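A note on names: the letters A, B, ... follow the listed sequences, proteins ahead of strands, and every chain is numbered from 1. Values reported hereafter were calculated over all heavy atoms of this structure, with side chains retained and with hydrogens, waters and symmetry mates removed. Note that the coordinates shown come from a computational prediction; the quantities given were computed from them, not determined experimentally.
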There are 2 protein chains.
Amino acid sequence: MSERDGRTPVMADVARLAGVSHQTVSRVLNGHPNVRTETVVRVRAAIEELGYRRNPSARALVTRRTNLLGVLAFDSTLFGPARTLAAIENAAREAGYFVSIVNLDGITREAVVEAATYLVEQSVEGCIAIAPQRAVVEALADLSGLRPLVAVEGGEGSGLPVVCVDQEGGAYTATRHLLDLGHRTVHHIAGKRDWLEGEARVEGWRRALAEAGAPVPEPAYGDWSPRSGYELGLRLAGERARGAEVTAVFVANDQMSIGVLRAFHEHGIGVPGDVSVVGFDDIPEAEYLTPALTTVWQDFDQVGRASIDVLLAELSDGGGPSALRPPVTRHRPGAAASRRGGTPSTDASGAVSSVRVVVPARMRIRHSTAPRLPGPP
Amino acid sequence: MSERDGRTPVMADVARLAGVSHQTVSRVLNGHPNVRTETVVRVRAAIEELGYRRNPSARALVTRRTNLLGVLAFDSTLFGPARTLAAIENAAREAGYFVSIVNLDGITREAVVEAATYLVEQSVEGCIAIAPQRAVVEALADLSGLRPLVAVEGGEGSGLPVVCVDQEGGAYTATRHLLDLGHRTVHHIAGKRDWLEGEARVEGWRRALAEAGAPVPEPAYGDWSPRSGYELGLRLAGERARGAEVTAVFVANDQMSIGVLRAFHEHGIGVPGDVSVVGFDDIPEAEYLTPALTTVWQDFDQVGRASIDVLLAELSDGGGPSALRPPVTRHRPGAAASRRGGTPSTDASGAVSSVRVVVPARMRIRHSTAPRLPGPP
DNA sequence: ACCTCAGATGTTAGCGCTAACAATGTTGCC
DNA sequence: GGCAACATTGTTAGCGCTAACATCTGAGGT
């Protein structure tokens, strides 16, 4: 199987073998309508015989389309980001796009710029950033070279289209659940400061307490790690030992919850006997911890799908200073997902485009919370 | 900043602005020696002013180098694969390569073929497969279109270069540790059948027992999930209740260990009081479980670095039926990492090339194991 | 002054593909 | 039968870049 002795066959080789012009081969490959069935068959056979594959670089050069999407990730080792990343990759592939990823080293502005440069140099057509921190989103918003860009878990006000889980709602539900159990108030071990997800969870927790007229304890900020959960759990156990009323804790993620559970255990505080605990993420381990952890499940797959949908919609809306805007029309126009949530989505005319897709979070109730008799401790 | 009204600037625009030919611009960009410093400065300034970026497609078309590496992953949500993936991405970026990832949907042969096709269509220069299962490695070995290819956690006999963690050694050490504590034997809850990592861990466990002349109980096979750990833990607890001597368990990963811990807890079996448990992976949670889990740590970062090193070495060795073999010499020749482990690495002449890089695993001893008085139960 | 040679630059010819247009053959309709 | 409309194919011209070769300088040796 070799014209051009040994070299990868090119379109002209296929054409020669099929007895047509290279352009006809191109037409077959691109599914143009006006090619005789018999010709199509012959060309297909030639392609098969030579094991021919189109050269994507040549194609990209002339079509001005790379078919490549970039994904910016920050610590894709954490459960949430890892799941999101996988979901995005899947959705992109289904939409016929390739995916190139960059993991940010740090959360500095320079790291963001560096990563963005890296993607731009690959001529990505668009980009999705798993950007859980305010600083990152801001840096991204400033970087006008990387467009269109969808921020996952992005937060409002950046001007970027955003897809996120309803963190606030999830936190609200979790807190509400604890209050409904009879707890007078709920403590909160929060995520890392400056992380948007963490802040949203604080918001939801606060709103539930405020609505119920419950006292609002000072939240304790961790860094998402089991270690920090453990440390803050120890602190809470100490407060309790000194007489503070600590009967329910909403922890901003499951990993920290594990540390909290450990700290309480060391102090002889029973869960859910003495204190109820609710986590966030629903990691696979949650159900099998001792006690099984009540937690909040997030629909990462939908986040992945929605972010691709939004990105593709931005892409087909055209406009924007992207380097790769093609002259031809785009595929799947208007494929943007259901836009929900109480945020201003001024997108009817495609003008301001503060797109914001909110994906649900749902409680998974397990044995780490128990009903509590009303009355002072 | 626009020649060519609004369109992305090309090399010719830079050339015009700098008052040189486009070829001189190319030379500056590629660091050719014979360009006057003054010219370099002028060109650089023009590039800066126009915000010019090379078109990678055009470049790839003529150089026949895409600078792209493909990574095939299977369930990159699990801790190990996620860490490995991140490490590979980092190492690739440091080596100046882009990375495109595909997540396999299933472990069927078709899924492998599909993913491979997907990567070939992108003209990756080489590929790394995180291929933890025998079936996948075999499918990969048959697929001659995707070369060079490095199998991470690949197992022997496939003919592919392999980078892997010393699973067998880690398992041996873990089992040995339990035996040294005074246990007469060690039970094993194994990983999913057909997973090479799981099999290697069974091997190591078996070797330690055999060496010590300890009885070898039938291993119980799980599927890496906390749920399966729980189920098999219940079974073990049942056996123990019926009088079997179960005092030590080596579990093939930490996630299953969590399920085991839960099962034992439900049955009133104390860990490490009644039974010692050792896991594998050293997930961040391990230290904060109750009890803290003794486990085996794997150097994923080194796996990532080594796999890129090996791939780059294969790339520069030339040969192989890759579609993209460039006519020019490659960078970083002979960068392959330390080759260790007791496997036949017939690579001196670059001939058979059964490269096998083994990366260390180390025990992390914590409170889930305790010394045991000798004697029958 | 002549020639040589290397340094610095420009010119030309593709890489493999698709878009645009041109050139056929084919059908249908009055 | 003639002509328009269409279906089918081929031809040509780039996309933006690098490699190879061609050209032009000026320094150095004799």
Side-chain angles (χ1 to χ4, degrees), chain A residues 3-4 7-43 46-47 50-67 120-123 323-329, chain B residues 3-4 7-43 46-47 50-67 120-123 323-329:
Chain A
E3 319 277 317
R4 289 172 23 114
R7 290 255 277 186
T8 309
V10 297
M11 207 172 255
D13 299 322
V14 175
R16 205 171 309 126
L17 184 60
V20 295
S21 74
H22 66 130
Q23 177 61 354
T24 297
V25 177
S26 172
R27 278 192 268 256
V28 169
L29 249 15
N30 292 308
H32 277 235
N34 296 335
V35 184
R36 238 191 319 167
T37 323
E38 189 208 303
T39 311
V40 172
V41 171
R42 253 195 1 262
V43 170
I47 289 173
L50 295 177
Y52 168 74
R53 303 219 160 266
R54 265 192 296 217
N55 180 323
S57 300
R59 198 169 143 71
L61 181 57
V62 63
T63 59
R64 297 158 178 291
R65 299 217 31 214
T66 53
N67 237 273
V120 168
E121 275 174 2
Q122 283 181 83
S123 299
L324 274 158
R325 191 72 52 231
V328 296
T329 51
Chain B
E3 319 279 314
R4 284 168 31 110
R7 289 255 275 193
T8 309
V10 297
M11 207 171 256
D13 299 322
V14 175
R16 206 171 308 127
L17 184 60
V20 295
S21 75
H22 65 131
Q23 177 61 351
T24 297
V25 177
S26 172
R27 279 193 267 258
V28 170
L29 250 15
N30 292 310
H32 277 237
N34 296 336
V35 184
R36 237 189 320 165
T37 323
E38 189 208 302
T39 312
V40 172
V41 171
R42 256 199 354 265
V43 169
I47 288 172
L50 294 176
Y52 167 75
R53 303 218 160 266
R54 263 193 296 217
N55 180 324
S57 301
R59 197 169 144 71
L61 181 57
V62 63
T63 57
R64 298 161 178 288
R65 299 217 28 213
T66 54
N67 237 273
V120 168
E121 276 173 2
Q122 283 181 82
S123 301
L324 274 158
R325 190 74 50 233
V328 295
T329 53

Query - Verdict with supporting geometry, Leu17(A) and Asp13(A), side-chain contact (heavy atoms from CB on, under 4.5 Å) - result: CA-CA 6 Å; Leu17(A) 184 60; Asp13(A) 299 322; over 6 Å; no

Requested in this report: Ignoring the backbone of Ala58(A), work out which of dC15(D), dC17(C), dC17(D) is nearest its side chain.
Outcome: dC17(C)

Requested in this report: To the nearest 0.5 angstrom, please state how far the CG atom of Asn67(A) sits from the CD atom of Glu121(B).
Outcome: 10.0 Å

Query raised in the report: Given atom CG of Asn55(B) and atom P of dG16(C), what is their separation to the nearest angstrom?
Result: 16 Å

Report task. In whole angstrom, give the distance that lies between atom CZ of Arg59(A) and atom P of dG14(D). Result -> 21 Å

**Report entry** Contacts of type salt bridge (charged side-chain N to carboxylate O under 4.0 Å, His left out), residue Arg42(B), not counting sequence neighbours
**Finding:** Glu38(B)

Query raised in the report: Counting side-chain heavy atoms from C-beta on, which of dT12(C), dC17(C), dG16(C) comes nearest to His22(B)?
Result: dT12(C)

Query - Separation of atom CZ in Arg65(B) from atom P in dA19(D), rounded to whole Å - result: 11 Å

Query raised in the report: For dT8(D), does OP1 or OP2 lie under 4.0 Å from any side-chain N or O of Thr24(A)?
Result: no

**Report entry** Intermediate values then yes/no, side-chain contact (heavy atoms from CB on, under 4.5 Å), Leu61(B) and Asn55(A)
**Finding:** CA-CA 8 Å; Leu61(B) 181 57; Asn55(A) 180 323; 4.1 Å; yes

**Report entry** Paired stretches of DNA chain C - 3 or more consecutive Watson-Crick or G-U pairs, each distance under 3.5 Å
**Finding:** C:1-30 with D:1-30

Under 3.5 Å, side-chain donor or acceptor atoms of residues 25-33 of chain B against the rest of the protein: list the pairs with distances, not counting sequence neighbours.
residue  : atom : partner  : partner atom : Å
Ser26(B) : OG   : Asn30(B) : ND2          : 3.3
Asn30(B) : OD1  : Arg54(B) : NH1          : 2.8
Asn30(B) : OD1  : Arg59(B) : NH1          : 3.1
Asn30(B) : ND2  : Ser26(B) : O            : 3.0

Query raised in the report: Once you round to the nearest 0.5 Å, how far does CE of Met11(B) lie from OG1 of Thr24(B)?
Result: 10.5 Å

**Report entry** Distance below 4.0 Å between Ser26(B) side-chain N/O and dT18(D) OP1 or OP2
**Finding:** yes

Report task. State the OG-CZ distance between Ser123(A) and Arg65(A), to the nearest 0.5 angstrom. Result -> 12.5 Å

Query raised in the report: Quick one: Met11(B) CE to dT12(C) P, roughly how many Å, whole number?
Result: 18 Å

Query raised in the report: Side-chain N or O of Arg64(A) less than 4.0 angstrom from OP1 or OP2 on dG16(D)?
Result: yes

Query raised in the report: Want to settle it: does Val62(B) or Val20(B) sit nearer the 5' end of DNA chain C, counting the closest nucleotide to each?
Result: Val20(B)

Query raised in the report: Mind checking what makes side-chain hydrogen bond (donor to acceptor under 3.5 Å, both in side chains) contact with Ser57(A), not counting sequence neighbours?
Result: none

Requested in this report: Tell me which residues in residues 29-42 of chain A put a heavy atom below 4.0 Å from DNA chain C, sorted by number, or none.
Outcome: Asn30(A)

Report task. Can you figure out which of dC17(C), dT11(C), dT18(D) approaches the side chain of Ser21(B) most closely? Result -> dT11(C)

Report task. Locate the shortest heavy-atom distance separating Val10(B) from Tyr52(B); write the atom from each residue and the value. Result -> C-CE1, 3.5 Å

Query - Nearest non-hydrogen partners of Thr66(B) and Gln122(B), listed with the distance - result: CG2-O, 4.5 Å

**Report entry** Spacing of Leu61(B) atom CG relative to dG16(C) atom C1', expressed in whole Å
**Finding:** 5 Å

Got a list of protein N/O to nucleotides 20-23 of chain D N/O distances below 3.5 Å?
residue : atom : partner  : partner atom : Å
dA20(D) : N6   : Gln23(B) : NE2          : 3.3

